[in-house]
Amino acid sequence: MSAENTVLYDEDKIKTLSSLEHIRLRPGMYIGRLGDGSHPDDGIYILIKEVIDNSIDEYIMGAGKRIDVKIDGQRINVRDYGRGIPLGKLVECVSVMNTGGKYNDDVFQFSVGLNGVGTKAVNALSSEFTVRSVRDGKFHEATFNSGVLAGNKKGNSDEKNGTLVSFIPDPALFPNYTFQMEYIEKRLWMYAYLNSGLSLYLNDKRYYSQNGLKDLIEAEIGEDKMYDIIALKGKMLEFAFCHTSSYGENYFSFVNGQYTNDGGTHLSAFREGVLKAVNEFSGKGYQPSDVRDGIVGAIAIKLKDPIFESQTKNKLGNTDIRGWIVNAVKDAVVDYLHRHLSEAEILLEKIANNEQVRRQIQAVKKQSKDKAKKMSLKIPKLKDCKHHLGDSSGKGDQTMIFITEGQSAAGSMISSRDVYTQAIFSLKGKPLNCHKQKLDRVYDNEELFYIMQALNIEEDVEELRYNKVVIATDSDVDGLHIRNLLITFFLTYFEQLVLSGHLYILETPLFRVRNKTKTIYCYSEQERDQAVVELSRGVEITRFKGLGEISPDEFGAFIGKEIRLLSVTIDHMRNIPEMLEFFMGDNSKTPERRELIMNKLV
């Protein structure tokens, strides 16, 4: 290496960052994705969550029964009526890493945020941050700008005890963000269900649950419940479940108020406990799928030292809790069924029907699997990746599979993908419209059968091989129709995959605007017009009509680090049948459907 190309590496090149500098330099390490507010996991919502979590901890410890959340423009205010942060440590608690009361089990027994980072990250990532604590007639208020202390005052106060946090997410770190109120409302409802008796207010609208997880299941399934919801609420364990007429099984699981969308030990123990209870009560040996098909359940546990399998806390890994959860669930369900014989009769009738349906489709499944073995040892049209969700590589969370239409689009993606974490499945034509179809039709349909095989979800969604299932279709009418057919397939038979946040839609540019010196890819007509103004002279505009028109070199950028994904989300399970009937049902609603598509979707 020549001397002129050698970079001097000595003591002067070694840097030590303060905690504030590190948070602002690497915000993703503390709050995950940054985003612009279009996704429920974007950073601005995590900032709100971190602050509210502290207020929830106060309620859990018996201090305060109300939390006020106000959003005014870009400013968020969160006021609780707990004990208030100790006045002498106020500044340190919101600005010095590894400082807080959650290291003391006597003060905070059950909390997810045990690393003393939460409010420090909110402070560091906010252009303006104010914290005010009131305790026994005195207050202490501190103001920060981008994490740097700017004001500090103390005095007497006649306010109620508690803490107020007010902040504005820094526009320099979160450019062009907007709050989607439905995301915040959904999170507040979850807080209410998990903390029955607590009143949360968002801009003066109350969120309150008297019956905890029982209310959550009621809200999700509505009139589709087959019997009264079975529920138990204890000090360390709470659960609720009911059967519906739908396919599959769907669960909501929580640890210390943290939603674990990929479940974990507590959820598998809950499922096992329900199975054992049914078999003990009935004196039979039903298979797990017979008991669980159509079930909608929720479980929440409190745990002093939760161990999660990933930084995002999506899956609980504590193995020592399994035994007591299984036994607690089993004993409670058996006791309930003995005391509610009419409900037990309906439940067993549903399970017997599930058993009958399973036996009916077994022959069809065997026939399809035999056919698959004869055709190929591998799944046709699947270009798999090296790593998979749940393997020992540590890269499972990065894995994704693109379900795309046709060989031309698949060809570009195969050439430009990351072979370690990105798989490609190419469709042949339009898949079956599964709305109101029985499950055995899926096994008769080659495309959908191979999708099940590729994802490994035939027996259990928990066996999903990829963290993200990405629908990648053209933006024309046919592409949108294929997208809707695939979403219908997953919502009809594999709701849990969607509810757990694994289904996405790939956004690809509609236009390429370039001149001799610069190329800009645009995802809307507005972006196209802005690009034309920016480049001003010698502009060439290309409209991409399909994914196959995008070259492999270009596609590499669109599915690389700058990939744009839209998460497919559902507000409530009870909305799914009505929604599918409207979009995918018969032609009786064609005028209304056409009007909606023309006004909203085109």
Side-chain angles (χ1 to χ4, degrees), residues 2 4-5 7 24-28 33-39 42-44 73-74 125 127 146 168-180 400 402 404-418 422 424 470-483 504-567 597-602:
S2 63
E4 61 183 30
N5 291 329
V7 177
R24 290 185 65 83
L25 183 65
R26 299 283 187 267
R33 55 187 289 158
L34 296 179
D36 58 5
S38 61
H39 188 280
D42 280 352
I44 56 174
Q74 293 183 316
L125 300 177
S127 57
S146 300
I168 298 176
D170 194 337
L173 299 170
F174 306 94
N176 304 316
Y177 70 86
T178 55
F179 292 108
Q180 301 293 331
M400 62 184 72
F402 296 96
T404 186
E405 52 175 315
Q407 291 297 322
S408 57
S412 295
M413 298 180 77
I414 290 170
S415 301
S416 57
R417 68 179 176 135
D418 179 347
Q422 293 179 326
I424 313 291
V470 183
I471 299 173
T473 60
D474 294 341
S475 297
D476 58 12
V477 174
D478 285 339
L480 291 174
H481 189 209
I482 292 173
R483 178 192 301 178
Y504 293 82
I505 294 170
L506 175 67
E507 281 194 283
T508 52
L510 296 175
F511 303 96
R512 179 180 60 211
V513 181
R514 65 183 178 183
N515 58 19
K516 292 183 178 181
T517 59
K518 188 175 182 180
T519 299
I520 301 176
Y521 296 99
C522 307
Y523 290 78
S524 66
E525 292 181 353
Q526 181 181 4
E527 289 185 14
R528 177 201 62 190
D529 295 342
Q530 291 173 348
V532 170
V533 172
E534 179 182 339
L535 299 183
S536 67
R537 294 182 179 180
V539 175
E540 174 190 294
I541 301 175
T542 302
R543 170 70 157 92
F544 293 120
K545 296 180 181 179
L547 301 182
E549 296 182 0
I550 303 175
S551 70
D553 290 340
E554 291 175 309
F555 227 126
F558 308 144
I559 62 175
K561 291 183 178 180
E562 302 301 319
I563 189 171
R564 292 196 189 187
L565 297 176
L566 289 176
S567 177
I597 292 173
M598 295 303 294
N599 292 336
K600 300 290 186 180
L601 303 181
V602 176

Checking S38 against D36 for the side chain to side chain donor-acceptor pair (under 3.5 Å) test, could you report, in this order, the C-alpha distance in whole Å, the side-chain angles of both residues, the deciding distance, and whether it holds? CA-CA 6 Å; S38 61; D36 58 5; 2.7 Å; yes
If you apply the rule side-chain contact (heavy atoms from CB on, under 4.5 Å), what do you find for E405 with D474, and how did you get there? CA-CA 8 Å; E405 52 175 315; D474 294 341; 3.4 Å; yes
Before you tell me yes or no, could you show the steps for L510 and R528 under side-chain contact (heavy atoms from CB on, under 4.5 Å), namely the whole-Å CA-CA distance, both residues' side-chain angles and the distance that decides it to 0.1 Å? CA-CA 9 Å; L510 296 175; R528 177 201 62 190; over 6 Å; no
Stepwise side-chain contact (heavy atoms from CB on, under 4.5 Å) test for L34 and Y177: CA-CA 10 Å; L34 296 179; Y177 70 86; over 6 Å; no
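Cation-pi contact between R417 and F402: absent, since separation from the ring centre below 6.0 Å together with deviation from the ring axis within 45° is not met. In this structure, R512 fails the cation-pi test against Y521, since its NZ or CZ atom is not both closer than 6.0 Å to the six-membered ring centre and inside 45 degrees of the ring normal.
Note that CD of E554 and OG1 of T519 are 8.0 Å apart. Values are rounded to the nearest 0.5 Å. If you take CD1 on I471 and CD1 on I482, they are separated by 10.5 Å, rounding to the nearest 0.5 Å.
In this structure, D170 contributes its side chain and A172 its backbone to a donor-acceptor pair below 3.5 Å. A donor-acceptor pair under 3.5 Å links the side-chain atoms of Q422 to the main chain of D418, judged by distance alone. Checking side-chain atoms of T404 against main-chain N and O of A472 turns up a donor-acceptor pair under 3.5 Å.
A 4.5 Å side-chain heavy-atom check between T508 and F544 finds every atom pair outside the cut-off. When side chains are defined from C-beta on, L506 does not count as touching F558, because their heavy atoms never get closer than 4.5 Å.
Using cut-offs of 30° and 60° for the angle between ring planes, the H39 and Y504 rings count as parallel.
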